[in-house]
Number of protein chains: 2
Amino acid sequence: MSSQPEHPTLLIPGPIEFDDAVLQSMSHYSESHVGPGFVNTFGETLSMTRKLFQTTASDAQPFILSGSGTLGWDIVAANLVEPGENVLVLSTGYFGDGFADCFKAYGANVDVLKGSAVGTRPQIPEIEKALKSKKYKVITVTHVDTSTGVLSELKEFTKAVNGASPDTLVIVDGVCSVACEEIAFDEWKLDGVVTASQKAIGCPAGLSISMFSGRAIAAVNARKTPATAYFANIKNWMPIMQNYEAKKPSYFATPSPQLIHALHTALTQILAKPLSERFSRHKEVSDQIKKAVADLGLKQVASSPEDQAHAMTAIYLPESISPPDILPKLAKSGVVFAGGIHKEIASKYVRFGHMGVSVTDPKRTDIQKAINALKDGLSELGYQKA
Amino acid sequence: MSSQPEHPTLLIPGPIEFDDAVLQSMSHYSESHVGPGFVNTFGETLSMTRKLFQTTASDAQPFILSGSGTLGWDIVAANLVEPGENVLVLSTGYFGDGFADCFKAYGANVDVLKGSAVGTRPQIPEIEKALKSKKYKVITVTHVDTSTGVLSELKEFTKAVNGASPDTLVIVDGVCSVACEEIAFDEWKLDGVVTASQKAIGCPAGLSISMFSGRAIAAVNARKTPATAYFANIKNWMPIMQNYEAKKPSYFATPSPQLIHALHTALTQILAKPLSERFSRHKEVSDQIKKAVADLGLKQVASSPEDQAHAMTAIYLPESISPPDILPKLAKSGVVFAGGIHKEIASKYVRFGHMGVSVTDPKRTDIQKAINALKDGLSELGYQKA
């Protein structure tokens, strides 16, 4: 039995439903941020992020900061790029466009490469062509764009970048992919992955979590101008993160002991089983959901099956039905989906997040409940499959 | 009876001991950050910050962001000052110096004005002289510098600034003063106060909380160059905060529902009584502590009684005793103090935080326990009052 009071099942693409033990860790009694107990917890948490990102490289560096996922963009844009340097942003939705805006705020020259239409992604030949046309310091890709549910393939992509422009740093926005889609940091030669606590990691919102390669850190150290940032400045945090991981107290700005405890609990649970099982389980449930959506005669925003994320589904509604029609029907059945956020199609689709305990806990029936609620809600609104 | 397990009493100058109800709010079940329940909670929380800062000005604007207190410095430095503009930082310790470094990161021309020695503060005639020597866009003051326990007077100070340089924006670092020292935002004509959740407000760490005047917001809107910041950019958050306070869902970056719930609980408790009672209680307990310290024959870092903070005490140890001697003795008595953080005197003093429930909850005996532990610990180390 859950210790949480009865409440609507949150199936938006983050924040997600939380495990009881994770939520209980949020109520941890107060500790000094530099006392031995918390230093040990934070140190272990940092070490666990290495396993989560599948990196054993000694020069890879994790950072866990109070902030939201968006702060990860600032960390990348403020530290890895100097004003006037070129950045290529691959955009598959709202969040790719946002990352581009963030780079512009720090003075980068930004080119944005999009797919041919909403729901598609840029293809490797176009990416190679762009990389050969100009020297890019950084290329970014949104692993899963939460606005569209488009999944970007990373393994072949990184190979292509390394082939076409070996000096370009490869940065992944993994906010909606870390802990639900496979990410092999070392094997795929990634230079940075930024994510947040409240999606598939299954910890409440409030933490920016990132991993950078030795090559990325070297690029920060080789800057000709100092980064225009203080809180988001990697150089201010680097010794702090290294000290905590070595179980030594250290101070730059006060971390959130309660959130770090919750993250420690969430990561301990995730790493108790092979990550491959976790990714397979997310795929399996995703396949069931995608089949149910197709059986209802509905289309996904992500148009090709290979571009569809495994921990969320962006679903086009029937033409006569809008989000403000269906979302209250779902709410009556105790299910919360998210409305659309991609401005070109916002009134036409809803987003169903299926990650974390809703997918991995065999005692939970969240997913079937949501599929039934969607079916019933559409039927009540007079929809019949054509 | 507390629902928290037995644990050492945390009496550092933040994080502090938490009320049970605040900690329980940290375990709130997951909610959508744009759902009506959370939108209402966040909206009420923003409105309560106005009462906490004693402002009724309709053009004053609160911001609550995921981050630490340090992020408040970035919000000020990135938004209120353009590269090359002049800033006067009044420093009474480590945190004043840090605020100066933050301004430098954003390209400001920074002058730092200090007191004549560690433990003192710059005096009004010197401040007036500096303000007349150069046109300063912003002047900052650390209300209580957590490294020294030096309290800066704000009322006469602000009058002096307004007299000597009426266009200069007055910004207060209130990280260690909001909710324990009086701050009358409107009456004292402040332009900005930045603080954090984990000190006298009594909510776990992880939130940057700030209030800016209409005049400060106008200065942001009148910038000639865009701010070099994305997550810390006031313009990105302004409509979001206004929408939440109007109980309308809005999105720029995901807030932390659990931390906002805890802050809501903490502010509800604080505002249930007149703020003046809260400030008086902190003064009363501070007087007891200062007397006990003097009775032990010990001196404070803050040299003049009128410059001594009311929610923390930085205590010089006897010459023969260092922080690594006394802190473990205190820990054995179940009391956690903080070591020194001001580099010139770090090995010579300890810091005793006395704020929040440890001071206001009549059922708690934290303060007497700490005084006894200090007395006993020093005695065990062979100290006798001269």
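Numbers restart at 1 for each chain; the letters A, B, ... are given by sequence-line order, proteins then strands. All values reported here derive from a predicted model rather than from experimental measurement.
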Exercise. Is it the backbone or the side chain of A/D101 that comes under 4.5 Å from a heavy atom of chain B, or both, or neither?
Worked result: both

Problem set entry | Side chain / backbone / both / neither for B/P83 at chain A, heavy atoms under 4.5 Å | neither

Exercise. Does the side chain of A/S68 pick up a donor-acceptor pair with the side chain of B/S66 at under 3.5 Å?
Worked result: no

Exercise. For A/Y94, is it the side chain, the backbone, both, or neither that has a heavy atom closer than 4.5 Å to a heavy atom of chain B?
Worked result: side chain

Exercise. Under a 4.5 Å heavy-atom cut-off, does chain A meet the side chain of B/F95, its backbone, both or neither?
Worked result: side chain

Problem set entry | Interchain contact, B/Q198 with chain A, by part (heavy-atom threshold 4.5 Å) | side chain

Exercise. How far apart are the closest heavy atoms of A/S30 and B/I16, and which atoms are they?
Worked result: OG-O, 2.6 Å

Exercise. Hey, which of B/S197, B/S32, B/G69 has the most heavy atom pairs under 4.5 Å with chain A?
Worked result: B/S32

Exercise. Side chain, backbone, both or neither: which part of A/Y251 has a non-hydrogen atom closer than 4.5 Å to chain B?
Worked result: both

Problem set entry | Proximity breakdown for A/L71 and chain B, heavy-atom pairs closer than 4.5 Å | both

Exercise. Can you say whether A/L207 sits under 4.5 Å from chain B via the side chain, the backbone, both, or neither, judging by heavy atoms?
Worked result: neither

For this session: Would you mind checking which part of B/A227 comes under 4.5 Å of any heavy atom in chain A, side chain (CB onward), backbone (N, CA, C, O), both or neither?
Result: backbone

Exercise. Between A/A77 and chain B, which part of the residue has a heavy atom less than 4.5 Å away: side chain, backbone, both or neither?
Worked result: neither

